[in-house]
Amino acid sequence: MREGRVPSRVATPEPPLPERSPIIVWFRRDLRLSDHAALHAAARTGRPVIAVAIRDPLVDALGAAPKWRLGEGLRVFGDALRAAGSRLILRTGDALDVLQRLAEETGARDVWWMRAYDPDSVARDKIVKAGLEARGVTAMSCAGHVLFEPWTVETGTGGFYKVYTPFWKAVRGRGVVAPLPAPSRLPAPDAWPGSERLEDWRMGRAMDRGADIVARWANVGERAAQDRLEAFLDDGIDGYHQTRDLPGVVGTSNLSENLALGEISVAQCWHAGQRARHEGRAGAETFLKELVWRDFAYHLTWHTPHLLTRNWRTEWDAFGWREEADTDEVRAWKQGRTGIAFVDAGQREMYVTGRMHNRARMIVASYLTKHLMTHWRIGQKWFEDHLIDWDPANNALGWQWAAGSGPDATPYFRVFNPVTQLDRFDRDRAYVDRWIAEGQANPPPEALSYFEAVPRRWGLDPDDAYPDPVVEPGEGRARALAAYENRAF
DNA sequence: CCAGCCTTGCT
DNA sequence: GCAAGGCTG
């Protein structure tokens, strides 16, 4: 005790000195150790790092499949932090309350995270930042969920891009900061704050229904994502520009679920793609363009958040979409029983695995919004509940693209013919036969797994006859085009 | 203002 | 060849 200092009667713990106070890193859709700007910066200070994930109302609001997938991601990420000598602290509640309490418990004066761009997250993060700073806790968000910050890409007249190709041309030559390494060490705090158990988070068992198939495709976590990227670079990328359209073969990177949860960073993918491009690999450019589509979805979401909830071109509000989610036709679409093979194969693949090939996504979306004249929002919601790679911006942009109501969308009158598409992209029926058991003497396990997965109340049996089309392609096309001709705008 | 252009298609 | 019309420079 120094002279002149008045000893307090009640012994209160000294707050840690600022240079020793821990830094809280709040993990959301960025479940990785490498190329994580916030974690990297925190580790570089040499101060203790406390990683936290919060089950807040936005997590509770997730669809069943993405919630399950997030649970898997958190489990693997927690293991990875353990292996690095650290921990993932789990807490439930409103993010601000949780972070405020955790900061008080641990003496932390800094909370850092990776920036989000969807309107719900932006609104929440704004409240969190203001609330923390009002209590003297510094909040810092770092870039890295997208390649290019949405406000840094402008047209010649200072607006934002609404068409993909000019956007691509504007960014393709830009530099992207080289990925950061994983921290070499993550100093632990003097005492670990308490954590909830992931098992108690009830992230659901949505994908148990496809357990065998899902397990075979297991791709959870940073290590798995890096392995998959490497495998894709080894032999997938050369033919990517051609094979990516063929749902019957493994021709895509399959990284969407990892990108959705940030188990790999888009910058890591970008630099890998650039290296492949410099090596003259044929599909590299197409791969880079797909990464930029993901950015474009966030770019548009940032500038026009209503992309996620209503027709981006609001005049489409006057279009006669059917809004009922419970008609026989919509039920057939959801249950993969439209009688249109390409549509049903896609829907069944998604129901069992939580994934759907991009080509199939376009076809099921076109069939719902055009042949069935149903509002894209109903399809968007179904995807939100069933896709393990669900991403708010990309799902919305995809649906509005298919429906014709979105920016740079396919024109409404451009109606996909699901039979022609089959001939073009699944000529040997590898895809549809994989997912449709009816009529096959020896259906493959995937096709049978669908009948195991669906709820009993759907009343499906693999020995049933394959249904007749709920709407014939020709009839649906004519109906859609007539509705378009008679539109009120 | 205009000219050129616009992921994925169909008959 | 058709199907509109908006976007960008």
Side-chain angles (χ1 to χ4, degrees), chain A residues 153-173 239-249 251-253 256 283-297 299-300 303-304 307 311-316 318-319 340 342-343 346 356-371 376 393-427 431 471-489:
Chain A
V153 187
E154 292 185 339
T155 65
T157 51
F160 65 95
Y161 282 102
K162 302 170 183 71
V163 178
Y164 175 74
T165 300
F167 181 82
W168 160 251
K169 288 177 176 166
V171 301
R172 64 181 169 190
Y240 178 72
H241 55 302
Q242 292 154 348
T243 57
R244 64 179 297 275
D245 263 328
L246 308 174
V249 306
T252 67
S253 76
S256 59
E285 175 106 345
T286 304
F287 180 59
L288 293 169
K289 287 176 99 163
E290 294 304 316
L291 296 175
V292 169
W293 265 99
R294 178 180 172 280
D295 253 57
F296 188 48
H299 178 81
L300 289 163
H303 289 287
T304 47
L307 174 72
N311 293 308
W312 188 83
R313 295 181 196 282
T314 51
E315 65 271 24
W316 280 83
F319 193 67
I340 302 294
F342 218 148
V343 174
M356 194 195 303
H357 192 278
N358 179 59
R359 174 59 50 184
R361 295 189 197 203
M362 290 189 287
I363 291 165
V364 305
S366 177
Y367 193 77
L368 182 73
T369 56
K370 295 174 185 179
H371 293 80
W376 55 266
N394 284 276
N395 192 39
L397 181 64
W399 274 100
Q400 297 227 45
W401 180 86
S405 61
D408 205 13
T410 188
Y412 184 87
F413 55 77
R414 188 171 290 167
V415 181
F416 280 59
N417 182 326
V419 177
T420 308
Q421 288 279 311
L422 194 61
D423 194 50
R424 287 179 59 191
F425 299 107
D426 192 38
R427 175 160 284 188
Y431 182 65
V471 173
E472 294 282 357
E475 177 198 336
R477 175 186 169 80
R479 197 170 67 176
L481 291 179
Y484 184 68
E485 289 306 315
N486 298 326
R487 71 193 183 282
F489 56 93

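Chain naming here is simple, since letters A, B, ... match the order of the sequence lines and numbering starts at 1 in each.
The distance between atom CZ of R487(A) and atom C1' of dA3(C), rounded to the nearest whole Å, is 10 Å. Put simply, CG on N486(A) is 16 Å from P on dA3(C), counting in whole angstrom units. If you take CH2 of W316(A) and P of dG6(C), they are 12 Å apart, rounded to a whole angstrom. Between W399(A) atom CH2 and dT8(B) atom P the separation is 18 Å, expressed in whole Å. Taking atom NZ of K169(A) as the reference point, atom C1' of dC6(B) lies 10 Å away to the nearest angstrom. Distance, L481(A) CG to dA3(C) C1': 9 Å, rounded to whole Å. What separates CD of E485(A) from P of dC2(C) is a distance of 14 Å, to the nearest Å.
Within the model, atoms CZ of R244(A) and CZ of F287(A) stand 11.0 Å from one another, a figure rounded to the nearest 0.5 Å. Note that CZ of R477(A) is 11.0 Å distant from CZ of R414(A), once rounded to the nearest 0.5 Å. Summarising the geometry, atom CD belonging to E154(A) is positioned 9.0 Å from atom NE2 belonging to H299(A); distances are rounded to the nearest 0.5 Å. Within the model, atoms CZ of R427(A) and CG of L246(A) stand 11.5 Å from one another, a figure rounded to the nearest 0.5 Å. The distance from atom CD of Q421(A) to atom CZ of F416(A), rounded to the nearest 0.5 Å, is 5.0 Å. Atom OH of Y484(A) is separated from atom NZ of K370(A) by 9.5 Å, given to the nearest 0.5 angstrom.
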Shorter than 3.5 Å, N or O on both sides, protein versus nucleotides 1-4 of chain B: list them out with atom names.
none

Please list each protein N or O that sits under 3.5 Å from an N or O in nucleotides 7-9 of chain C, with the distance.
residue, atom, partner, partner atom, Å
dT8(C), OP1, K162(A), N, 2.6
dT8(C), OP1, V163(A), N, 3.3
dG9(C), OP1, Y161(A), OH, 2.8
dG9(C), OP2, G156(A), N, 3.1

When you look at D295(A) and V171(A), which way does the side-chain contact (heavy atoms from CB on, under 4.5 Å) test go after all the steps?
CA-CA 10 Å; D295(A) 253 57; V171(A) 301; over 6 Å; no
What do the steps show when you test F342(A) against V364(A) for side-chain contact (heavy atoms from CB on, under 4.5 Å), and what is the final call?
CA-CA 8 Å; F342(A) 218 148; V364(A) 305; over 6 Å; no
Kindly indicate, with the supporting measurements, whether the criterion ring-ring contact (aromatic ring centres under 6.0 Å, His included) is fulfilled by F296(A) and W168(A).
CA-CA 8 Å; F296(A) 188 48; W168(A) 160 251; over 10 Å; no
Report the C-alpha separation of Y240(A) and E290(A) in whole Å, then their side-chain angles, then the decisive distance to 0.1 Å, and conclude whether the side-chain contact (heavy atoms from CB on, under 4.5 Å) test is met.
CA-CA 11 Å; Y240(A) 178 72; E290(A) 294 304 316; 3.3 Å; yes
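When the nucleotides dG5(C), dT8(B), dC10(B) are ranked by their closest atom to the side chain of R477(A), dC10(B) comes out on top.
Rounded to the nearest Å, the gap between the P atom of dT11(B) and that of dA4(C) is 16 Å.
Near DNA chain C, defined here as any heavy-atom distance below 4.0 Å, the residues from residues 411-421 of chain A are P411(A), F413(A), listed numerically. Contacts of residues 286-293 of chain A with DNA chain B (heavy atom under 4.0 Å): E290(A), W293(A). Taking every heavy atom of residues 357-368 of chain A and every atom of DNA chain B, pairs under 4.0 Å involve N358(A), R359(A), M362(A), by number.
Within the 6.0 Å centre-distance limit, the rings of Y412(A) and F319(A) are counted as a close aromatic pair.
Using modelled atom types, one finds no donor on one side chain facing an acceptor on the other under 3.5 Å when comparing W293(A) with N394(A).
A donor-acceptor contact shorter than 3.5 Å is absent between the side chain of N311(A) and the backbone of S405(A). In this structure, D426(A) contributes its side chain and L422(A) its backbone to no donor-acceptor pair below 3.5 Å. Between the side chain of R487(A) and the backbone N or O of F489(A), at least one donor-acceptor pair lies under 3.5 Å. Although no hydrogens or angles enter the test, the distance criterion places a donor-acceptor pair under 3.5 Å between the side chain of Y367(A) and the main chain of V471(A). With hydrogens and angles disregarded, a donor-acceptor distance shorter than 3.5 Å links the side chain of T243(A) to the backbone of G239(A).
When each of L368(A), V343(A), N358(A) is checked for a side-chain contact (heavy atoms from CB on, under 4.5 Å) with I363(A), only V343(A) meets the rule.
Taking the side chain as every heavy atom from C-beta outward, T410(A) and W401(A) approach each other to under 4.5 Å.
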So what's the dot-bracket for DNA chain C: Watson-Crick or G-U pairs under 3.5 Å, [ ] if a pair crosses, | if it pairs off-strand?
||..|||||
